[in-house]
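Here the structure comes first, spelled out in structure tokens, and everything after it is commentary.
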Amino acid sequence: MVGSPGEALTLVAQAIAMDPPGDWWTIRVGCEAQLLLGHYDDAIAACEKAAGLGGEDFDIAYFLAAAYAQKGLMGRAAEEKAKILRRAPGFTIAALRAKQYSTNPEYMRLAEAYWYSGLRKAGIPEK
């Protein structure tokens, strides 16, 4: 969330090495970092692994929706969009921005380029 997803992946790898196979939160952080780097296949793999470990499906759904859409897997993106809208009817990208997960300019640039643009492709409205 400080705009350094590459460094986050290093920390994720270290955490997994110390406590294999890694817990839901660690894998989820890897999923987000891969997405913010535009590594959609790796993001999908990490997100799907995190989803298999339980945890908060909503977080995983909005990362997966974006990654699937960026890859052109629109059927899968639509499934994740439906999960998002069941949990938060009327969900928008503006609402996601308003949560202010990070105000770091580099994070915001990466989120716009890879995450929010993917959510738009998946059919999540801006407002």
Side-chain angles (χ1 to χ4, degrees):
M1 295 183 164
V2 297
S4 302
E7 291 176 32
L9 289 177
T10 299
L11 296 173
V12 165
Q14 290 172 356
I16 292 170
M18 291 181 344
D19 188 19
D23 61 14
W24 177 85
W25 181 255
T26 302
I27 305 300
R28 178 237 178 260
V29 169
C31 160
E32 181 179 5
Q34 294 287 8
L35 178 63
L36 292 175
L37 290 168
H39 300 165
Y40 305 122
D41 290 328
D42 294 331
I44 289 167
C47 287
E48 288 176 348
K49 183 176 180 181
L53 294 172
E56 181 54 60
D57 289 336
F58 188 70
D59 283 355
I60 300 302
Y62 57 54
F63 295 139
L64 276 173
Y68 286 143
Q70 295 286 28
K71 292 281 298 174
L73 302 170
M74 301 315 288
R76 301 289 302 271
E79 290 171 18
E80 298 304 321
K81 175 186 172 187
K83 288 178 190 177
I84 294 166
L85 295 178
R86 274 195 303 274
R87 170 85 185 265
F91 181 82
T92 65
I93 295 166
L96 181 58
R97 278 194 189 101
K99 291 181 181 192
Q100 292 190 332
Y101 286 113
S102 176
T103 57
N104 177 281
E106 182 60 8
Y107 180 94
M108 297 306 294
R109 185 189 73 74
L110 293 170
E112 183 58 46
Y114 300 109
W115 185 13
Y116 304 153
S117 65
L119 289 174
R120 278 187 209 93
K121 289 178 185 177
I124 300 292
E126 187 67 38
K127 296 180 181 181

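Fair warning: this is a prediction, and the values are worked out from it, not measured in the lab.
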Kindly give the heavy-atom pair with the smallest separation between [X] and [Y], and that separation in Å.
X      : Y      : result
Lys83  : Ala61  : CB-CB, 4.1 Å
Leu53  : Gly22  : CD1-O, 3.8 Å
Ser102 : Asn104 : OG-N, 3.1 Å
Ala65  : Ala122 : O-CB, 3.8 Å
Ile124 : Ile93  : O-CD1, 3.7 Å
Pro5   : Leu37  : CG-CD2, 3.6 Å

Under 4.5 Å between side-chain heavy atoms, counting indirect links through other Ile/Leu/Val/Met/Phe/Trp/Tyr residues: same cluster for [X] and [Y] or not?
X     : Y      : result
Ile27 : Val29  : yes
Leu96 : Ile60  : no
Phe63 : Leu119 : yes

* Starting from the C-alpha separation in whole Å, work towards a yes-or-no answer on salt bridge (Lys or Arg N to Asp or Glu O under 4.0 Å) for Arg28 and Glu32. => CA-CA 6 Å; Arg28 178 237 178 260; Glu32 181 179 5; 2.8 Å; yes
* Asked: Taking it one step at a time, do Tyr116 and Met108 satisfy side chain to side chain contact (heavy atoms under 4.5 Å, CB included)?
  -> CA-CA 10 Å; Tyr116 304 153; Met108 297 306 294; 4.2 Å; yes
* To do: Classify the ring geometry between Phe91 and Phe58 as parallel (under 30°), tilted (30 to 60°) or perpendicular (over 60°).
  => perpendicular
* Asked: What orientation do Trp115 and Tyr62 show, parallel under 30°, tilted 30 to 60°, or perpendicular over 60°?
  -> tilted
As an exercise, state the distance from [atom1] of [X] to [atom2] of [Y], rounded to the nearest 0.5 Å.
X     : Y      : atom1 : atom2 : value
Asp41 : Gln70  : CG    : CD    : 12.0 Å
Asp59 : Ile84  : CG    : CD1   : 10.0 Å
Asp42 : Leu35  : CG    : CG    : 11.0 Å
Thr92 : Leu85  : OG1   : CG    : 10.5 Å
Leu36 : Arg109 : CG    : CZ    : 10.0 Å

* So with a 6.0 Å cut-off around CD of Glu48, is the heavy-atom count from everything else above 12? -> yes
* **More than 12 heavy atoms of other groups within 6.0 Å of Lys121 NZ** => yes
* Asked: Does any non-hydrogen side-chain atom of Gln34 lie less than 4.5 Å from one of Tyr114?
  -> no
* Would you indicate whether the side-chain heavy atoms of Tyr40 and Leu73 approach each other to under 4.5 Å? => no
* Partners passing ring pair (Phe, Tyr, Trp, His ring centres under 6.0 Å) against Tyr101 (at least two apart in sequence or in another chain) -> none
* Please list, chain by chain and in numerical order, all residues satisfying salt bridge (Lys or Arg N to Asp or Glu O under 4.0 Å) with Glu112, sequence neighbours excluded. => Arg97, Arg120
Show me the donor-acceptor pairs within less than 3.5 Å that the side chains of residues 10-20 make with the rest of the protein, sequence neighbours left out.
residue : atom : partner : partner atom : Å
Thr10   : OG1  : Gly6    : O            : 3.4

* Asked: Can you tell me if Glu106 and Ser4 form a side-chain donor-acceptor pair at under 3.5 Å?
  -> no
